[in-house]
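Read the structure below first, then the notes.
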Amino acid sequence: MTSCTKQVLAKQLRLYFVCGTTDASDLVTTVKTALRCGVTCFQFREKGKDALYGDEKEAMARTLQHECREAKVPFIINDDVELALAIDADGIHVGQDDLPAKQVRERLGPDKWLGVSVHTMEEVSAALPFADYVGIGPIHETRSKLDAGIVRGTELIQQVRRHYPLLPIVGIGGIRPDHVPAIIDDGADGVAVISAIASAPDVAEATRRFACL
Ligand code: TZP
Ligand code: MG
């Protein structure tokens, strides 16, 4: 990836909304509202015991992808390489327990975005040859991912930024609007958010609060 493309991607990560049907009471309306109010990237992360599978999951992905296209916002799929390829998503995000980044990159080809969740410098170096950006967290306590692990603050973000000045970084985990300036100051290009937008009583207002920062 050229440094110019990295800059474009870094900008696009500024307000990264991550959501699935188990995070929002009406996912399509929530995503449409968030897109209208300033989200810069969207990830369809369909998890949990009542999550959609198979054709239903694909249909939902296509609906959300259409909304993202209309809003000119990149549409990323969590974990599911087959689905990302089937619907020609803009990219995929994987964690450390998913298909290794090298294999995902081989499946995706060079043009789609690949994001990888990392928790240590070793995981960053392993992801680096294949990833376009890294997700680092949980920065704060989160209820949206049961196995998110220990709360880390921004220490790893700071470390990664020192070592890799151009690598696009997004912070995740328990992030509320008032946390954002410090996370960006510490080296992240953006924040990834589930509940502060998906569970907000007013999704439009919550998104705008993040978007104006
Ligand atoms: N990865 C690390 S924390 C987290 C994920 C997917 C959940 C973030 O959700 P929230 O509601 O913004 O804390
Ligand atoms: Mg995963």
Side-chain angles (χ1 to χ4, degrees), residues 13-25 27 30-31 34 38-49 51-53 57 61 76-84 89 91-105 107-108 113-120 123-124 126-127 130-157 160 168-180 182-184 188-203 206-207 209-211 213:
L13 295 176
R14 191 66 179 73
L15 178 52
Y16 191 167
F17 182 40
V18 178
C19 204
T21 54
T22 59
D23 302 306
S25 49
L27 180 60
T30 299
V31 171
V39 155
T40 57
C41 191
F42 175 70
Q43 182 189 126
F44 180 40
R45 180 177 179 272
E46 188 62 3
K47 298 258 185 200
K49 86 171 172 37
L52 302 178
Y53 286 96
K57 182 179 178 185
I76 311 295
I77 299 250
N78 184 283
D79 284 4
D80 194 336
V81 181
E82 300 311 319
L83 178 59
I92 184 139
H93 185 97
V94 290
Q96 294 295 320
D97 299 332
D98 304 315
L99 198 62
K102 181 174 191 294
Q103 286 177 43
V104 180
R105 178 55 80 198
R107 297 290 323 277
L108 286 182
W113 289 1
L114 171 57
V116 179
S117 296
V118 294
H119 313 93
T120 62
E123 289 176 359
V124 177
F130 315 106
D132 296 308
Y133 74 88
V134 292
I136 297 180
I139 309 289
H140 297 285
E141 204 165 312
T142 179
R143 287 202 206 150
S144 305
K145 180 172 164 70
L146 296 176
D147 60 350
I150 54 160
V151 171
R152 304 169 172 275
T154 60
E155 206 179 305
L156 184 60
I157 292 181
V160 174
I169 300 173
V170 66
I172 189 164
I175 298 175
R176 310 278 165 236
D178 50 312
H179 299 137
V180 175
I183 297 169
I184 302 293
D189 296 291
V191 291
V193 172
I194 301 180
S195 57
I197 291 178
S199 307
D202 183 337
V203 170
T207 310
R209 281 192 65 201
F210 278 104
L213 290 165

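Just so you know, ligand 1 is whichever comes first in the structure, and atom 1 is the first atom listed for that ligand. Computed from a predicted structure; not experimentally measured.
- The distance from atom CD1 of I150 to atom CD of E141, rounded to the nearest 0.5 Å, is 12.5 Å.
- Counting heavy-atom neighbours within 6.0 Å of D202 CG, excluding the residue itself, gives a total above 12.
- The side-chain heavy atoms of I197 and R209, taken from C-beta on, include no pair separated by under 4.5 Å.
- Remark: of the listed residues D23, D79, T21, D79 is the sole one forming a side chain to side chain donor-acceptor pair (under 3.5 Å) with K47.
- Under a 3.5 Å cut-off, the side chain of Q103 and the backbone N or O of L99 do not form any donor-acceptor pair.
- Around ligand 1, the residues contributing at least one heavy atom under 4.0 Å from the ligand are R45, T142, S144, K145, I172, G173, G174, V193, I194, S195.
- One finds the NZ atom of K145 at 6.5 Å from the OG atom of S117 (value rounded to the nearest 0.5 Å).
- Put simply, the side chain of R105 gets close to the backbone of F130: a donor and an acceptor are under 3.5 Å apart.
- Protein N, O or S atom count below 2.8 Å of the Mg ion (ligand 2): the structure gives 2.
- Classified by interplanar angle (parallel below 30°, tilted 30° to 60°, perpendicular above 60°), the ring pair F17/F42 is tilted.
- Counting heavy-atom neighbours within 6.0 Å of R107 CZ, excluding the residue itself, gives a total of 12 or less.
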